[in-house]
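Here is the structure we will look at.
Letters A, B, ... mirror the listed sequences (proteins, then strands); counts begin at 1. These numbers come from the heavy atoms of this one structure, side chains and all, not from hydrogens, waters or symmetry mates.
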There are 2 protein chains.
Amino acid sequence: MISVDTSQRILDIAEQLVQTRGFNGFSYADIAATLGVTKASLHYHFPSKADLGQRLIERYGKSFLAALASIDRGGGSAPDRLRRYVAIYIEVLCDDRMCLCGMLAAEFATLPSPMRDEMMHFFDENERWLSGVLEHGAAHGELRFAERARDVARALMASLEGAMMLARSYGDASRFELAANRALAQLAA
Amino acid sequence: MISVDTSQRILDIAEQLVQTRGFNGFSYADIAATLGVTKASLHYHFPSKADLGQRLIERYGKSFLAALASIDRGGGSAPDRLRRYVAIYIEVLCDDRMCLCGMLAAEFATLPSPMRDEMMHFFDENERWLSGVLEHGAAHGELRFAERARDVARALMASLEGAMMLARSYGDASRFELAANRALAQLAA
DNA sequence: GTCTATAGGTGGATAGAC
DNA sequence: GTCTATCCACCTATAGAC
């Protein structure tokens with residue numbers, strides 16, 4: 001994820017800051033110090049912090065969707081795909097980060113509307129993809145669940161986001177892995 | 001929850017603010033405006049914001065433990081107790097709040113050490129209580145699970161915290177209820 | 001595109017009168 | 001206990017030179 005473009009480098013640094021400290025937990029000064037430029041320069045690329053935040057979620061969402069598309073291209077059974085979905089979260093967590101949108105969900109009440117909408121769009125897309133995998137798995141006898149695929153998808157996202165948050169607080173990734181494995185095991189046919 | 005004591009009233013207001021906006025999302029000015037006093041007065045009761053935060057979690061933890069003791073006094077089966085445990089979360093959510101400690105878990109990286117410790121203590125106590133209920137339920141054939149009670153307790157807490165956060169962002173408490181019901185249904189013997 | 005300089009506001013916190 | 005007044009650091013953001 002090495003960027004040459006300054007805008008992308010700013011987003012890289014901001015992304016790491018939001019995922020660790022939250023949108024209200026960092027400032028332009030933090031980015032400027034890391035990047036080695038002045039605060040004023042940042043405003044050339046992102047006029048306001050709200051702009052920066054919105055563009056950040058947009059990029060994160062696209063990158064996440066690309067990862068989901070990559071899972072689909074890789075083929076494999078529905079349980080396999082779910083394991084690779086969980087692996088994305090683990091990778092983020094092992095970098096001591098939270099899911100960007102999980103973090104923003106906590107700060108929801110303080111976010112400007114465009115950021116809220118972009119955040120919900122992220123979860124909607126995740127729900128869509130997961131629902132597809134779940135339905136496919138159920139149809140092929142690879143997965144079993146009693147509720148609507150949509151509701152199972154929502155419950156799964158919630159479990160992963162919550163487990164991620166607690167695991168990060170305890171500095172113990174195995175807390176996440178245990179919760180995630182249990183969630184997947186319960187879907188086994 | 002009506003307090004006459006000024007310190008308690010300050011904590012009441014701060015609690016609502018943290019549960020909706022986060023610890024980094026409010027200021028002494030917000031409390032002062034709501035309470036109708038000056039910022040300086042607040043510093044008489046809580047010298048620093050870190051003090052305020054720590055005392056806030058202490059009180060919240062005690063109140064939560066009292067609620068768990070109340071569930072125990074009420075008797076009933078393990079599934080019954082778990083339903084009443086979930087009901088605590090629902091009540092908080094219907095007031096458009098997050099769990100105080102779930103909120104702080106997101107901001108973990110920016111919190112002073114005393115607040116971190118107090119927050120983890122809250123989750124440890126929840127884990128202890130839940131583990132007890134789970135073990136009791138398993139021993140009496142009311143609940144069934146494959147993993148250690150401790151790990152099931154952790155997974156359950158993570159699910160509830162995550163579902164709460166997403167449900168609040170979507171302004172849809174039913175999202176939480178569906179996830180919680182699914183989590184409890186999977187423990188049914 | 002990046003800089004210096006600065007505006008205008010808000011943050012937490014303190015001193016000292018009442 | 002609460003007030004007024006104030007401090008200083010930091011915040012987001014802008015103007016204008018280079």
*How would nucleotides 11-18 of chain D be written as a contact map, 5' to 3', with B for base contact, S for sugar-phosphate-only contact and - for no contact, using protein heavy atoms under 4.0 Å?*
SBBB----

_I need the CD1-P distance between A/Ile31 and D/dC10, as an integer number of Å._
17 Å

*For the pair A/Tyr89 and A/Phe64, name the ring-plane relationship: parallel under 30°, tilted 30 to 60°, perpendicular over 60°.*
perpendicular

*Verify the contact: side-chain N or O of A/Thr38 to OP1 or OP2 of C/dT2, cut-off strictly under 4.0 Å; return yes or no.*
no

_With a cut-off of less than 4.0 Å, is there a side-chain N or O of A/Ser7 near OP1 or OP2 of C/dG1?_
no

What side-chain donor-acceptor pairs closer than 3.5 Å can you find for residues 92-112 of chain A, not counting sequence neighbours?
| from | atom 1 | to | atom 2 | distance (Å) |
| --- | --- | --- | --- | --- |
| A/Asp95 | OD2 | A/Arg97 | NE | 2.9 |
| A/Asp95 | OD2 | A/Arg97 | NH2 | 3.4 |
| A/Arg97 | NH1 | A/Gln19 | OE1 | 2.9 |
| A/Glu107 | OE1 | A/Phe23 | N | 2.7 |
| A/Glu107 | OE2 | A/Phe23 | N | 3.1 |
| A/Glu107 | OE2 | A/Asn24 | N | 2.9 |
| A/Glu107 | OE2 | A/Asn24 | ND2 | 3.4 |
| A/Thr110 | OG1 | A/Asn24 | ND2 | 2.9 |
| A/Thr110 | OG1 | A/Glu107 | O | 2.9 |

*Does the A/Ser70 side chain pair with the main chain of A/Ala66, one donor and one acceptor, at a distance under 3.5 Å?*
no

*Taking atom CZ of B/Arg55 as the centre, report whether more than 12 heavy atoms of other residues, nucleotides or ligands fall under 6.0 Å from it.*
no

*Could you check how far NE2 of B/His45 sits from P of C/dG12, rounded to whole Å?*
17 Å

_A/Tyr44 side chain near C/dT2 phosphate (N/O to OP1/OP2, under 4.0 Å)_ = no

_Under the ring-ring contact (aromatic ring centres under 6.0 Å, His included) definition, can you give me all pairs with a residue in residues 124-163 of chain B, not counting sequence neighbours?_
B/Tyr85-B/Trp129, B/His136-B/His140

*Close side-chain approach of A/Leu134 to A/Leu82, heavy-atom, < 4.5 Å*: yes

*Using whole Å, report how far CD of A/Gln8 lies from P of C/dG1.*
13 Å

*Should B/Ser41 be listed as having a side-chain N or O under 4.0 Å from OP1 or OP2 of D/dT4?*
no

